[in-house]
Amino acid sequence: MVLKNISLEVPDGDFLGVIGSSGAGKTTLSYAINGIIPHHYKGEYFGKILVNDKDVFDTDACQLALEIGSVFQDIDSQMTCSTVEDEILFGLENFGFEKDEIEKRLEWVLEEMGIANLRARDISGLSGGQKQKVAIAAILALRPKILVLDEPTGELDPTASRNIFRVVKELNKKYGITVIVIEQKIRLLCEFADHLAVIKKGQLAFTGTVKEVLSHRDELADLGLNHERVGKILDRLASGKASEEETAKKKGEALPDYVPYKPESESILEFKDVSFGYDENYLIENINFNVYKGDFLALTGENGSGKSTMSKLMGGILKPATGSVVINGLDSKKTRNSVIAKHIGFLFQNPDRQLCCYTIREEIAFGLKALKLPNVNERTEEILNRFGFDPEMPPFALSRGQRQQLALASIIAVHPEIMILDEPTTGLDYKECIELMNAIKELNEKGTTVIMVCHDMELVRDYAKRMAVVGHGKIHADGYPSELVPVVEGGYLQ
C-alpha cells in the first residue's frame, strides 16, 4: 500500500507544503487529490477524497480538471504544443470556451504570469524557469480553485525558484486559489507556505503551521530532512527574518574581490575559443576554459545561461561550432563518441533518458558490459550493496529521486576518468542527496575529475573545490566556492 490511512483537511485558500523523503508517497498523494488516481492509475482504493464536497472517485475526470489544476514534476512531458500561445490555448479550446472568453483569458494570464514577451516563442527554446511559468499559465487560464504543484522548482536556479514561489503566492492571495506544493526546497516552503504536511512511508507523520512542524527537528532529520537547515530556519523565524533575501540585491554593482582559482595539476579538458548555438545565434561564444585533473568543479548560473550546453560540449555530446574541445588529449570533433565514452561518465538532468534495462541489476551492469570492463558481476554487486537497491526491481518502478540515484550509480560503476553531472541531486531528499554527494566525493578523492552543474549553493560550498559562474554564454567568475558562493547569493551576478 503506497498511501495508508491518510486524513488531511486543507482549508479553502490555504497554501500547503508537502514534504517527506523520496519515495514516501508525496506524488501519489497529489495524484489522488487531482483524480489521476483512480481515473487513470488503478489499484486498491479505500476511503474518500472530497474536493469542494465532490467525491473524486465519483466525479468525471474532465470536471475535476476544471477545479484542480496540476503541474507535474517533468514539465516537458506536460507540454503539448510548440509555442507558448498555443500551449495556453490548448486547454481553453479543448474545454470549449467561447472565442471572446478565450482571448480575454489568454491576455489576462500572459500578463498575470509576466510572460507576455514569450507569447510567440517556441517552447523548445525556453529556459527551465520560463517553461515552469508557461505550464502554470496554461493551467491558470482555466481558473481552477485548487493548484497542485509537484516539485515545481526541481531544476531551477535559486532566482527562478524564488520567482515561481512568488508568483504562486500572489495567485494564492489575490484570487484565493488553494495551493498544494510538493517540494524538497524546505527553506522556500517555510517562507511561503501557511502550513506543512509531512509524509512518512505513505502515512501522514504530522501537520501544522511551519513553526509547529519544524519543531519536530529530530523526526525530520530521521526522515532525511536536513537537521541543520531546519534549525537555521527556526532561528530565522524566531527572529522575524524568514526570507532568504534579508539584504537588498546588489545587481549591477561592481563584482567584489575574490580569489581566482589556481590549478595544481595538468589540464584534462580544454575549451579553445569555443562557440556554440542551437540556431544562428550562439548560446556560448569564444570561451577559453580549462578543467584540471582532480578538479571538483561546480558550474553555476541562472537557467538558460549555457551551463548544460557547456557540460554537453565537455562530454562530447555536442560539437563546437567554432574552436575545439579537447578531452584527455582527444579533439571532440575528430573523435567518435564511443571512444570519448571510455573517458567520461555523463548524468543528464532527466535520468529517464539514460535508463534502458528491465532490472536494476541489468542497468548497473549495462555500462560495464558495453565498455568491456573486467569483473562485471563483482562491480555490479558492489554498487548494489553500496546503494541498497533491490536488484530485480524494474528501474521505472522507482521514484524520480531513486531513478536519479540509479543513473548515477551506473556511472560510478565504470570508474570514469571524468564525471559530468547535470543537476545530480534533483528530486532527492536531503539524506539521499548527502549519500549521493559523498559517493561522488569519494570517487573524486580516488582521482576522478568531477564537473557538476548545480544550483544548490550549500552543496557547492560543502563539496566543490572550484566554482565557475556562467552567464549569457560567458564565464563571469572562476574561483573558490568559499569566495564565490557569497557573491552569487548576494546577487552580484544575477
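- Paired with Phe15 under the rule side chain to side chain contact (heavy atoms under 4.5 Å, CB included), one option of Ile177, Val168, Thr178 passes, and it is Val168.
- Here the closest heavy-atom approach between residue Lys131 and residue Ile75 is recorded as CB-CG2, 3.8 Å.
- With contacts defined as side-chain heavy-atom distances shorter than 4.5 Å, the pair Val460/Thr300 qualifies.
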Show your working on side chain to side chain contact (heavy atoms under 4.5 Å, CB included) between Leu106 and Arg119 and close with a plain yes or no. CA-CA 10 Å; Leu106 174 63; Arg119 181 170 181 166; 3.3 Å; yes
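- For Tyr261, the ring-ring contact (aromatic ring centres under 6.0 Å, His included) partners at least two apart in sequence or on another chain are Tyr480.
- Look at Glu191 and Arg162 and you find a salt bridge, because one of the NZ, NE, NH1 or NH2 atoms lies within 4.0 Å of a carboxylate O, short of that distance.
- Residues Leu299 and Ile451 have side chains in contact (heavy-atom distance under 4.5 Å, counting atoms from C-beta outward).
- In this structure, Tyr282 has no ring-ring contact (aromatic ring centres under 6.0 Å, His included) partners at least two apart in sequence or on a different chain.
- With 3.5 Å as the limit, one finds no donor-acceptor pair spanning the side chains of Ser324 and Lys333.
- Judged by distance alone, the side chains of Glu183 and Thr153 do bring a donor and an acceptor atom under 3.5 Å apart.
- Legend: residues meeting side-chain contact (heavy atoms from CB on, under 4.5 Å) with Glu435, ordered by chain and number and at least two apart, are Gln405, Lys431.
- Aromatic ring pairs are classed by plane angle as parallel below 30°, tilted from 30° to 60° and perpendicular above 60°; the pair Phe271 and Phe289 is perpendicular.
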Give the intermediate values and the outcome of salt bridge (Lys or Arg N to Asp or Glu O under 4.0 Å) for residues Glu101 and Arg105. CA-CA 6 Å; Glu101 180 65 16; Arg105 292 198 182 197; 2.8 Å; yes
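- Remark: Asp100 CG is loosely packed, at most 12 non-hydrogen atoms of other residues, nucleotides or ligands lying under 6.0 Å away.
- Shown here are the salt bridge (charged side-chain N to carboxylate O under 4.0 Å, His left out) partners of Glu112, two or more places apart in sequence or in another chain: Lys174.
- Taking Ala120 as the reference, nothing meets the side-chain contact (heavy atoms from CB on, under 4.5 Å) condition, with sequence neighbours excluded.
- Residues Ser161 and Lys185 have side chains in contact (heavy-atom distance under 4.5 Å, counting atoms from C-beta outward).
- The two residues Pro144 and Gly69 make their nearest non-hydrogen contact at CB-N, 3.6 Å.
- In terms of heavy-atom proximity, Lys169 sits nearest to Asp194 at NZ-OD1, 3.3 Å.
- Looking at heavy atoms from C-beta onward, Gln184 lies out of side-chain contact with Ile19 at the 4.5 angstrom threshold.
- Residues meeting the side chain to side chain donor-acceptor pair (under 3.5 Å) test with Asn172, sequence neighbours left out: none.
- Between the side chains of Ser70 and Asn34, a donor-acceptor pair is found at a separation under 3.5 Å.
- Looking at every heavy atom in both residues, Leu149 comes nearest to Ile136 through CD2-CG1, 4.3 Å.
- Counting only heavy atoms from C-beta outward, the side chains of His195 and Val210 never approach each other to under 4.5 Å.
- Salt bridge annotation for Arg187-Glu458: present, with a cationic side-chain nitrogen under 4.0 angstrom from a carboxylate oxygen.
- For Ser308 and Asp422, the side-chain atoms include at least one donor-acceptor pair closer than 3.5 Å.
- Between Pro481 and Met467 there is a side-chain heavy-atom pair separated by less than 4.5 Å.
- Residue pairs meeting the ring pair (Phe, Tyr, Trp, His ring centres under 6.0 Å) criterion with at least one partner in residues 83-117, sequence neighbours excluded, are Trp108-Tyr175.
- Salt-bridge check for Arg353 with Asp76: passed, with a basic side-chain N closer than 4.0 Å to an acidic carboxylate O.
- A ring pair (Phe, Tyr, Trp, His ring centres under 6.0 Å) check over residues 132-173, counting only residues at least two apart or in different chains, returns the pairs Phe165-Phe192.
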Give the intermediate values and the outcome of salt bridge (Lys or Arg N to Asp or Glu O under 4.0 Å) for residues Lys48 and Asp58. CA-CA 10 Å; Lys48 286 184 178 182; Asp58 297 324; over 6 Å; no
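- More than 12 heavy atoms of other shown residues, nucleotides or ligands fall within 6.0 angstrom of atom NZ in Lys474.
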Which is it for Val179 and Val181 under the side chain to side chain contact (heavy atoms under 4.5 Å, CB included) test, yes or no, and what are the steps along the way? CA-CA 6 Å; Val179 175; Val181 180; 3.4 Å; yes
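- By the side-chain contact (heavy atoms from CB on, under 4.5 Å) test, Ser332 pairs with Lys319, Pro320, Val325, Ile327, Ile340, sequence neighbours left out.
- Contact record, Ile37 with Val56: O-CG1, 4.2 Å, taken as the closest heavy-atom pair.
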With salt bridge (Lys or Arg N to Asp or Glu O under 4.0 Å) as the criterion, how do Lys26 and Glu151 come out once you've worked through the C-alpha distance, each side chain's angles and the decisive distance to 0.1 Å? CA-CA 10 Å; Lys26 303 185 299 297; Glu151 299 275 5; 5.2 Å; no
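- A search for side-chain contact (heavy atoms from CB on, under 4.5 Å) contacts involving Thr27 returns Ser30, Tyr31, Gln73, Asp150, not counting sequence neighbours.
- Here the CD1-CG distance, from Ile146 to Leu16, works out to 11.0 Å after rounding to the nearest 0.5 Å.
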Between Ile180 and Leu147, is a side chain to side chain contact (heavy atoms under 4.5 Å, CB included) present by the stated rule, with each step listed? CA-CA 6 Å; Ile180 301 172; Leu147 188 60; over 6 Å; no
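- Side-chain contact between Lys133 and Leu118 is absent, with no heavy-atom pair separated by less than 4.5 Å.
- Looking at His39, its side chain does come within 3.5 Å of a backbone N or O of Thr59 through a donor-acceptor pair.
- Screening Leu269, Ile287, Val274 for a side chain to side chain contact (heavy atoms under 4.5 Å, CB included) involving Leu313 leaves a single residue, Val274.
- Phe276 meets the ring-ring contact (aromatic ring centres under 6.0 Å, His included) test with Tyr278; sequence neighbours excluded.
- Here Phe346 pairs with Phe348 under the ring-ring contact (aromatic ring centres under 6.0 Å, His included) rule; sequence neighbours left out.
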Kindly determine whether Ile317 and Asn337 satisfy side chain to side chain contact (heavy atoms under 4.5 Å, CB included), including the steps that lead there. CA-CA 7 Å; Ile317 296 170; Asn337 283 349; 5.7 Å; no
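- When side chains are defined from C-beta on, Cys433 counts as touching Leu459, because their heavy atoms get closer than 4.5 Å.
- Across all their heavy atoms, Leu189 and Gly17 have their closest contact at CD2-CA, 3.8 Å.
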